[in-house]
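Each remark here refers to the structure printed beneath this line.
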Amino acid sequence: MPLQLYNSLSRRSEVFTPLDPQRITVYLCGPTVYNYVHIGNARPAVVFDLLVRLLRREYPRVVYARNITDVDDKINAAAQTAGVPIAAITQRYAAAYREDIARLGVAVPDVEPCATAHMGPIVAMCERLIASGHAYAAAGHVLFDVARFPDYGRLSGRSVEEMIAGARVEVAPYKRNPADFVLWKPSPPDLPGWDSPWGRGRPGWHIECSAMVETHLGETIDIHAGGIDLQFPHHENEIAQSTCAHGGKVFARYWLHNGMLTLDGRKMSKSLGNVLLLHDLLQQHPPEVLRFVLMKAHYRQPLDWSDAAVQQARATLDGWYGVLRDLGEVDAPALADADPLWAGHGGLARLHAALSDDLNTPEAFVAMANLAGNARGAVSATIEHKRDAKAALLAAGRLLGFLQQDPETWFRQTAAGGSVDAAHIESLIAQRNAARAARDFARADAVRAELAALGIAIEDGPRGTRWKVATP
RNA sequence: GGCCAGGUGGCAGAGUGGUCAUGCAGCGGCCUGCAAAGCCGCCUACGCCGGUUCAAUUCCGACCCUGGCCUCCA
């Protein structure tokens, strides 16, 4: 099952064929770090991490870069408000981003470049673009001349004429063309700045990605990803800069865009203020639940965040972990990526086929439901069946980023990730079971109520009474 | 206004020219001291109007509605 990806550039699904199978290059536009990121910002990190997981299974070397934007007017504003250097802001929130995203099960990218560490390549790219006639200096700025790039607008499907007609911003007088965009702009003394041939200044937003892609991945990369809201102007401008800086070479061969995360049907965005911070949600829910919600819809579709969605995710994961708990004593082997069972096992093959079809995670969840169902059925089967079914479920979970913790730990976690007094609970359960043995059910139910008041639910089974933290 | 997506059962959410999505919730039953878990069964779909077709939720056209981009934004 070859990997198929929907390429925004061609507006169709294409079989992924790398430029160099020995070195796959992927770039994802990461966050601007002036505050904690919201859950919408986590979506591309999660879904494209899944893409990279798939690629790593197929290819010996994948170089995955996810940048951090640490130069930006909003960062400047936050730093000035706080009365600190921008680095104090960016380092704090970049660290929080890395930590919070990691908790979602997202692997650390191979490269995590920052704009401030690439001023040399940024200035050099500006100079090259001026030298080749694709950019010009004016009033301390360097501007890209969109008239010199005929393909401008191809990615986003709009013409320069349309853009000018629809422009809602005042056109700076030093622009040759209203659609020209800034590569470099002057910085007053009170703002961060770097020396350049055009005076002390700072880069425009788009040029950093072009420079960092060039530095770490090369002139032509396989996959460039990001949110659909970046398609224009950010990615359009990246294409223009990079293509022109590299003598017309293709910049990125596959463009992938994730849909927006919404809250009550409206796009979640910092400027609208309707944000749920990842950092806060991680205090309220298990990280796996958040990851599940982010993968529940196909990555190109809009995804509406809601308490109901979170609860559904929790319920489904409870079901999966419940199977694993019932198979707790079964010693299942970990399946290697190259294990033939991936192709030979119906459930695993279906999972892999689903993900290979443009990361169809909803279909992947169907495969998971099948695998969990098989494992459930194996609970009362032979040890071989149990082992195989559990191994398959765990392998599938590992690929998707789920089910890798101990089931008992899963069921005993509290909302905030804290712990409960297990000894006390066990003691109460012993009291209750003594009452049950004496057929004093009133007493037994009283103890159950006491446990419920502590937020503990109990289940009597053939192998005794087990407990878990009750979910509301 | 221009450009681009999408409208599926109580909710979430895939997919397909002609048997089943799936999950969650709900309902009935089994099991259980009770409950939970589990098991068995049940339930409701494809915005609207035309067209193509033996057959359309699926293709085509119009319409209505929603969202995104056009300005910082994942």
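In what follows, every heavy atom counts, from backbone to side chain, and hydrogens, waters and symmetry copies are set aside. Here is the naming used below: chain letters follow the sequence lines, and residue numbers restart at 1 for every chain.
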Separation of [X] atom [atom1] from [N] atom [atom2], in whole Å?
| X | N | atom1 | atom2 | answer |
| --- | --- | --- | --- | --- |
| A:Asn237 | B:rU71 | CG | P | 11 Å |
| A:Glu459 | B:rG38 | CD | P | 8 Å |
| A:Met295 | B:rU22 | CE | P | 20 Å |
| A:His298 | B:rG6 | NE2 | C1' | 13 Å |
| A:His224 | B:rA74 | NE2 | P | 13 Å |
| A:Leu294 | B:rG13 | CG | C1' | 15 Å |
| A:Asp229 | B:rC69 | CG | P | 6 Å |
| A:Phe411 | B:rG38 | CZ | C1' | 12 Å |

Using the side-chain heavy atoms of [X], tell me which of these nucleotides is nearest: [options].
| X | options | answer |
| --- | --- | --- |
| A:Asp460 | B:rU22, B:rC34, B:rC70 | B:rC34 |
| A:Gln301 | B:rG6, B:rG68, B:rG33 | B:rG6 |
| A:Lys267 | B:rC69, B:rA74, B:rC24 | B:rC69 |
| A:Ala315 | B:rA25, B:rA74, B:rA12 | B:rA25 |
| A:Phe232 | B:rC34, B:rC69, B:rA74 | B:rC69 |
| A:Ala369 | B:rA37, B:rG33, B:rU22 | B:rU22 |
| A:Thr316 | B:rC72, B:rA36, B:rG23 | B:rG23 |

Quick one: sort the A:Tyr27 and A:His224 rings into parallel, tilted or perpendicular, breaks at 30° and 60°. tilted
Would you call the rings of A:Phe144 and A:Phe181 parallel, tilted or perpendicular, taking 30° and 60° as the class edges? parallel
Across all strands, who's sitting opposite [N] as a Watson-Crick or G-U wobble pair, both distances under 3.5 Å?
| N | result |
| --- | --- |
| B:rU32 | none |
| B:rC27 | B:rG41 |
| B:rA5 | B:rU66 |

On a whole-Å scale, what distance lies between the [atom1] atoms belonging to [N] and [M]?
| N | M | atom1 | result |
| --- | --- | --- | --- |
| B:rA25 | B:rU57 | P | 31 Å |
| B:rC43 | B:rA55 | C1' | 27 Å |
| B:rG26 | B:rC11 | C1' | 11 Å |
| B:rA12 | B:rC46 | C1' | 15 Å |
| B:rC31 | B:rU22 | P | 28 Å |
| B:rU71 | B:rC3 | C1' | 16 Å |
| B:rC59 | B:rG15 | C1' | 16 Å |
| B:rG23 | B:rG18 | P | 22 Å |

Is there a donor-acceptor pair closer than 3.5 Å between any side-chain N or O of [X] and the backbone N or O of [Y]?
| X | Y | result |
| --- | --- | --- |
| A:Asp222 | A:Thr25 | yes |
| A:Asp70 | A:Ala115 | yes |
| A:Asp180 | A:Lys175 | no |

Is it the case that B:rC11 (base atoms only) and A:Gln312 (side chain only) share a donor and an acceptor within less than 3.5 Å, ignoring hydrogens and angles? yes
Please evaluate the base of B:rG33 for a donor-acceptor partner in the side chain of A:Asp445 within a cut-off of under 3.5 Å? yes
Answer yes or no: does a side-chain N or O of A:Arg300 lie under 4.0 Å from OP1 or OP2 of B:rA5? no
Look at A:Asn360 and B:rG15 and indicate whether a side-chain polar atom (N or O) is within less than 4.0 Å of OP1 or OP2. yes
With a 4.5 Å limit on heavy-atom distance, are the side chains of A:His385 and A:Lys390 in contact? no
With sugar-phosphate meaning primed atoms plus P, OP1 and OP2, does [X] contact a base, only sugar-phosphate, or nothing at under 4.0 Å between heavy atoms?
| X | value |
| --- | --- |
| A:Ala297 | sugar-phosphate |
| A:Ile458 | base |
| A:Lys296 | base |
| A:Leu28 | nothing |
| A:Gly265 | sugar-phosphate |
| A:Gly226 | sugar-phosphate |
| A:Arg432 | base |
| A:Arg436 | base |
| A:His38 | base |
| A:Ala309 | nothing |
| A:Met268 | base |

Can the ring centroids of A:His235 and A:Trp255 be said to lie less than 6.0 angstrom from one another? yes
Could you say whether A:Pro362 or A:Arg376 is positioned toward the 5' end of RNA chain B, judged by the nucleotide with the nearest heavy atom to each? A:Pro362
Given RNA chain B, 5'-ward residue of the pair A:Gly319 and A:Leu303, judged by closest heavy atom: A:Leu303
May I ask you to check whether over 12 heavy atoms, not counting those of A:Asp190, lie within 6.0 Å of atom CG? yes
Assess, by modelled atom type and distance only, whether the side chains of A:Asp318 and A:Trp410 contain a donor and an acceptor separated by less than 3.5 Å. yes
